[in-house]
Participant: 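Please read through the structure below; I'll follow up with questions.
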Amino acid sequence: MTVKVKFFASFRDVFGVRERDLSLPEGAPVRSLLEAIADSPRRRAEIFEGEALKPLVVVMKNAVPIGSLEGLGTPLAEGDTVAVFPFMTGG
Amino acid sequence: MPMYGYHGRILEVDLTEGRVEPKGLDPALVRDYLGGRGLATRIFCDEADPACDPLGPDNVIVLATSPLIGTNAPTSCRGHMVFKSPLSGFIGSSNSGGSWANAFKAAGYDALVVKGRSSEPVTLDIGPGEARLLPAADLWGRDVHETTEALSGGPGNPSKVLCIGPAGENLVRIAAVANDRNRVYGRCGPGAVFGSKRLKAVRVSGREKTELADRELFRSGLDQAVYLLKQAPVTKRLLREMGTAGLVELINLIGMLPHRNFQDCTHREADVERISGETLARTFLERAGGCFLCPIGCQRHTTVPGRSGPDEKGEGPEYETTVLLGPVCGIYDLESITRANYRCNELGIDTISFGGTVACAMELFEKGLLGPGETGGMDLSFGRGETLERLVRMTAGREGIGDRLAEGSFRLASSCGSPGLSMTVKKLEIPGYDPRASFTQALGYMTSPTGACHLRGGYAVSLAFFGGTKEIPRYSLLQSPIAIRNMQNVGILQDSLGVCRFTGYAFATDPWVRMASGATGTDFSAARLEEIANRVASLERLFNVEAGATAGDDDLPARFSDLAIVVEGKERSLSSGDKDRMRRDYYAIRGWNDEGRPTPETLGALRVRRRG
């Protein structure tokens, strides 16, 4: 299946693109997608702390925070969009 | 015995009588209300009649500092102003960074109280050991930057200037009060209250130090705060790199970015990119900047190409300005937004209320309720960025259609027979987050004492990013009342400590407990601070109830019930039943009755007394 991943804020520099398509096995979880994009020690350090998602990193599947779904185990489907960004605020 | 953390003095000014006199500050008052918003609200509620005319001599302006202002606590530069709002008719409460509040404290005062009305324009001049009123006829008509320059006295002069521009002088109900040229007390129309009193400016200078009771305790909190601000990416670098407008694309991602006077939240991604913080950083940004004692640095010092002469320099836009002057008006032209921001800063206008009012005018124009005859032939269609700058000038000067924009969107829409097209709560324009995309934010707008404000009403956007366990708090009827009460209380404490909202993304209460307790020698424990926040919230509510507020005023425009937006593939709107339930639960959590009136038991437990 093909899943789109979008980067925002400083993660665009870290990952070198605004968005990219990834091929993953059918039903792969969000963790697999993040493992695939964390393809260097620097990139991994931006996303993970050990095996857990690093604090203040936000991951959304189709604009829903994965914390409200099944966390890193949230299954993905063909056509899903995953957004990855450092926590940002404004106002 | 010294009053550690405070000077123990209030400066009271009666403009009708031309009297300026220092008064003592009751130590019991600061133990119960801390400083900033809490202290200003208590003094204001003692001094002002809730039934007073906001633009009459009986309105009272109270500006308060905090026990941390005058210390080196990070971001401790924010003054707080309370008055009766000429826009809402309820309590007005506005906060600003900059260096004025620090200079005012260094002049030896904790709070300023301004009453009455001068017959001629005046400047209040506060120096070491002396405060006096000076004629300001020569400054009347000058903009914020000109006034600041005229009163600052050049390099080496430590004076700091707080002033209004022509908008405040002309009683524009959405007028702001500025310090440091571009830092503004924007919301609720404080500039018009200054203008009604013929108070053009307050100049301050002084060198009095704020004495600390327990340096070691203060230092332990300070060290922790500074360390944590350097750890969190958002306070360490993201706000510096992208400004608050770094949020624009993310708010669009979660379906919360309003469009065309809140008719929908649908945008083309390419359009949103044109106004993003990243685009601003790549185009007009010259450098980031910070308020006094701020290591975060979200200010945007920008330059746009000159129309016929040299490049124009100014500040902004930040997130709210970008959204309200941008997509809410159907505009994605960053240069027009930035120029209009410059003009609002110079002429002294709140960019949120101005953008909301222009968007309302555009919808009235689109629907034929405001014709070309009334706009002086101007085409007020959505999306016309080139009209913004001219409309700011016309509003500040009350020229042509600007005279009606100067009244704010509710009065404008009502004069066209369609008050429902004003996107306001308590007649205050809604900021740049659509309430249909977060019930928590919606409840914050509904229950904010000042009307639709993300700062006084509580900021729920971080919930939207992080979600909850299974139920997403932003749509949870059950969790929203407690979540927004907590956010409002954090805001009351930050406003009362005189510090910035953004510190809350690096650390919670503990460093502030140690700094406030160390500065004052009073044990401001987390529990005590929470009690102070609850006390201030109930006092603000009591003023509003006595000014005529009912539960019916804690409501959103019908658009947010009648017209759904699509978020995450689902239609979202707020039914009357959902709003009633959240409001009722919120009142219960606050200890207020079903009409939103604080119960005698609540007032007794919090020791909130009535006026006097």
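Lettering follows sequence order; numbering is per chain, from 1.
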Participant: Is it the backbone or the side chain of Q231(B) that comes under 4.5 Å from a heavy atom of chain A, or both, or neither?
Facilitator: neither
Participant: Between F465(B) and F87(A), how do the two ring planes meet: parallel, tilted or perpendicular, split at 30° and 60°?
Facilitator: perpendicular
Participant: Would M88(A) and L239(B) count as a side chain to side chain contact (heavy atoms under 4.5 Å, CB included) if you check the C-alpha gap in whole Å, the side-chain angles of each, and the deciding distance to 0.1 Å?
Facilitator: CA-CA 8 Å; M88(A) 185 66 194; L239(B) 282 166; 4.0 Å; yes
Participant: So which residue, M242(B), E241(B), E318(B), E278(B), ends up with the most heavy-atom pairs under 4.5 Å with chain A?
Facilitator: E278(B)
Participant: In terms of side-chain geometry, is the basic nitrogen of E249(B) or R12(A) positioned less than 4.0 Å from the acidic oxygen of its partner?
Facilitator: yes
Participant: Hey, what do you get for CD1 (I254(B)) to CG (N62(A)), rounding to the nearest 0.5 Å?
Facilitator: 14.0 Å
Participant: Would you give the length of the straight line joining atom CZ of F85(A) to atom CG of L238(B), rounded to the nearest 0.5 angstrom?
Facilitator: 11.5 Å
Participant: In terms of heavy-atom contacts, does CD of E78(A) have more than 12 from other residues, nucleotides or ligands at under 6.0 Å?
Facilitator: yes
Participant: When you check the gap from the basic side-chain N to the acidic O, do K61(A) and E568(B) get nearer than 4.0 Å?
Facilitator: no
Participant: In terms of heavy-atom proximity below 4.5 Å to chain B, should M60(A) be classed as side chain, backbone, both, or neither?
Facilitator: side chain
Participant: Side chains of L56(A) and F466(B): closer than 4.5 Å at any heavy-atom pair?
Facilitator: yes
Participant: Can you name the closest pair of heavy atoms from T244(B) and G90(A) and give their distance?
Facilitator: CB-CA, 3.6 Å
Participant: Restricting to non-hydrogen atoms, name the atom on A464(B) and the atom on P65(A) that form the minimum distance, rounded to 0.1 Å.
Facilitator: O-CG, 3.3 Å
Participant: Is any side-chain heavy atom of E269(B) closer than 4.5 Å to one of R18(A)?
Facilitator: no
Participant: Which bit of R237(B) is near chain A, if near means a heavy-atom gap under 4.5 Å: side chain, backbone, both or neither?
Facilitator: side chain
